[in-house]
Amino acid sequence: MFYGTSLSSRLMLGTAQYPSPAILRQAITASGAEVITVSLRREGRDGAAFRDILAGSGCRLLPNTAGCHSVREAVTTAEMARELFGTSWIKLEVIGHADTLQPDPFALVEAARILSADGFEVFPYTTEDLIVGEKLLEAGCRVLMPWGAPIGSGQGLRNIGGLRSMRAHFPDIPLVIDAGIGAPSQAMLAMEMGFDAVLLNTAVAKAADPVAMAAAFGQAVAAGQVAFNAGLMPSRDMAAASTPIFGLAELVP
């Protein structure tokens with residue numbers, strides 16, 4: 001549940017870089033996603049045609065502040081997005097490093113505090129740092145979105161130990177893996193670890209067949225969630241026979 005909203009699908013899908021509007025529309029449907037992200041800059045370029053796709057998707061919109069590098073820029077972009085899209089939800093990005101696109105934790109927390117105080121429901125794109133997570137919650141966030149790896153890298157869950165620690169440290173906070181996912185198996189692993197959702201874009205948009213890949217991610221996320229709820233077996237250092245030795249026939253020479 002995100003800010004009081006329950007969702008059936010745990011896959012959130014980005015809407016940039018698709019080969020055509022028609023393929024974007026088909027990919028959204030195939031994925032089963034109920035939340036799609038949209039950049040204010042992206043919407044501005046494509047105008048009414050792009051708005052029609054968003055409106056016709058039946059999905060909840062999660063505008064983002066992609067490309068923002070300062071508190072002022074992120075806050076202003078969020079305010080414009082709320083006015084344009086009519087939602088208090090905002091995916092907050094404040095980029096601090098040009099190459100890795102790693103978020104600036106200090107600017108992120110400050111922007112989150114300003115937006116939360118102004119009535120926004122903030123989804124902050126952050127790292128797996130526990131202290132930053134605590135500060136974001138203190139700033140008013142009720143969701144955390146740690147990266148799996150740098151945006152668009154397709155590296156998957158690069159710091160599994162750190163992500164497991166984050167899940168354990170915030171057991172009651174919705175956590176969404178955002179960025180770096182490149183394959184359905186990586187998304188499924190995130191769900192098997194107990195994360196609440198996965199947000200991705202490039203892995204679907206840049207696939208040879210985006211529609212088929214969107215469907216694959218939808219199935220992988222659903223399977224990972226079912227597996228986590230069912231209870232995964234713990235790993236062992238040694239083998240454990242699945243067939244009991246009791247009751248086996250004794251061969252007498």
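Bear in mind the structure is a predicted one, so any value in this text is a computation, not a measurement. What's counted below: heavy atoms across the whole structure, side chains too, no hydrogens, waters or symmetry copies.
- Partner of Gln102 under the side chain to side chain contact (heavy atoms under 4.5 Å, CB included) criterion, out of Ile95, Thr126, Thr127: Thr127 alone.
- By the 4.5 Å heavy-atom criterion applied to side chains, Asp118 and Val75 are not counted as neighbours.
- Cluster membership check: Val198 does not share its hydrophobic cluster with Met188, using side-chain heavy-atom separations under 4.5 Å among Ile, Leu, Val, Met, Phe, Trp and Tyr.
- Not a single salt bridge (charged side-chain N to carboxylate O under 4.0 Å, His left out) links Arg113 to another residue, sequence neighbours left out.
- Glu34 places a side-chain N or O within 3.5 Å of a backbone atom of Ser8 that can act as its donor or acceptor partner.
- At a threshold of 4.5 Å between side-chain heavy atoms, the hydrophobic network of Ile, Leu, Val, Met, Phe, Trp and Tyr places Leu7 and Leu11 in one connected group.
- The backbone N or O of Ala16 lies less than 3.5 Å from a partner atom in the side chain of Asn201, making a donor-acceptor pair.
- Between Val221 and Gln225 the shortest side-chain heavy-atom distance does not fall below 4.5 Å.
- Closest of all the heavy-atom pairs between Phe217 and Gly182 is CZ-C, 4.1 Å.
- With rounding to the nearest 0.5 Å, the separation of CG in Leu189 from CD in Glu192 is 6.0 Å.
- A single hydrophobic cluster is seen to contain both Leu130 and Phe195, as judged by linkage of ILVMFWY side chains at heavy-atom distances under 4.5 Å, directly or through other members.
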### Query
Passes side chain to side chain contact (heavy atoms under 4.5 Å, CB included), Asp209 versus Met213? Steps please.
CA-CA 6 Å; Asp209 186 340; Met213 187 61 76; over 6 Å; no

### Task
Could you go through the side chain to side chain contact (heavy atoms under 4.5 Å, CB included) check for Val204 and Ser31 one step at a time?
CA-CA 10 Å; Val204 170; Ser31 72; over 6 Å; no

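- Using a 4.5 Å heavy-atom cutoff, the side chains of Met191 and Arg10 are in contact.
- Hydrophobic cluster membership differs between Tyr125 and Met12, with clusters built from Ile, Leu, Val, Met, Phe, Trp and Tyr side chains linked at under 4.5 angstrom.
- Nearest heavy-atom pair across Pro184 and Ala220 is O-CB, 3.3 Å.
- For Ser20, the side-chain contact (heavy atoms from CB on, under 4.5 Å) partners two or more places apart in sequence, or in a different chain, are Ala22, Ile23.
- The side-chain heavy atoms of Lys135 and Val132, taken from C-beta on, include no pair separated by under 4.5 Å.
- By the 4.5 Å heavy-atom criterion applied to side chains, Asp178 and Lys91 are counted as neighbours.
- Between Phe2 and Trp89, the two ring planes are perpendicular [angle over 60°; tilted spans 30° to 60°].
- Checked by atom type and distance alone, the side chain of Asp196 pairs as donor or acceptor with a backbone atom of Leu175 at under 3.5 Å.
- Across every non-hydrogen atom of Gly119 and Ser88, the tightest pair is O-CB, 3.7 Å.
- In this structure the side chain of Leu157 reaches within 4.5 angstrom of the side chain of Ile181, judged on heavy atoms.
- Inter-residue side-chain proximity for Val94 and Cys68 is flagged as unmet; no heavy-atom pair is nearer than 4.5 Å.
- By the rule that hydrophobic residues join a cluster once side-chain heavy atoms approach within less than 4.5 Å of another member, Ile177 and Phe170 end up as members of one cluster.
- With a 4.5 Å cut-off on side-chain heavy atoms, Ile90 and Arg82 do not count as touching.
- One N or O on the side chain of Thr65 and one on the backbone of Glu93 form a donor-acceptor pair closer than 3.5 Å.
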### Message
Between Val35 and Thr5, does the side chain to side chain contact (heavy atoms under 4.5 Å, CB included) criterion hold? Intermediate values first, please.
### Response
CA-CA 11 Å; Val35 175; Thr5 298; over 6 Å; no

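- The shortest heavy-atom contact between Ala27 and Ala214 is O-CB, 3.3 Å.
- Not a single donor-acceptor pair under 3.5 Å links the side chain of Thr76 to the backbone N or O of Glu73.
- Residue Ser116 comes nearest to Val122 through the heavy atom pair OG-CG2, 3.8 Å, listed as atom of the first residue, atom of the second, then distance.
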Acceptor/donor pairs from residues 136-156 side chains to any protein atom, 3.5 angstrom cut, sequence neighbours excluded:
| residue | atom | partner | partner atom | Å |
| --- | --- | --- | --- | --- |
| Trp147 | NE1 | Glu128 | OE1 | 3.0 |
| Ser153 | OG | Pro150 | O | 2.8 |
| Ser153 | OG | Gln155 | N | 3.4 |
| Gln155 | OE1 | Arg158 | NH1 | 3.3 |

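- Looking only at distances, a side-chain donor or acceptor of Thr15 sits under 3.5 Å from a matching main-chain atom of Thr37.
- Listed here is the closest heavy atom pair of Ser6 and Met1: OG-CE, 2.9 Å.
- Remark: Asn159 CG to Arg164 CZ distance equals 11.0 Å, nearest 0.5 Å.
- Atom CZ of Phe106 has 12 or fewer neighbouring heavy atoms from other residues, nucleotides or ligands inside a 6.0 Å radius.
- Interatomic distance, Glu79 CD to Leu84 CG, rounded to the nearest 0.5 Å: 14.0 Å.
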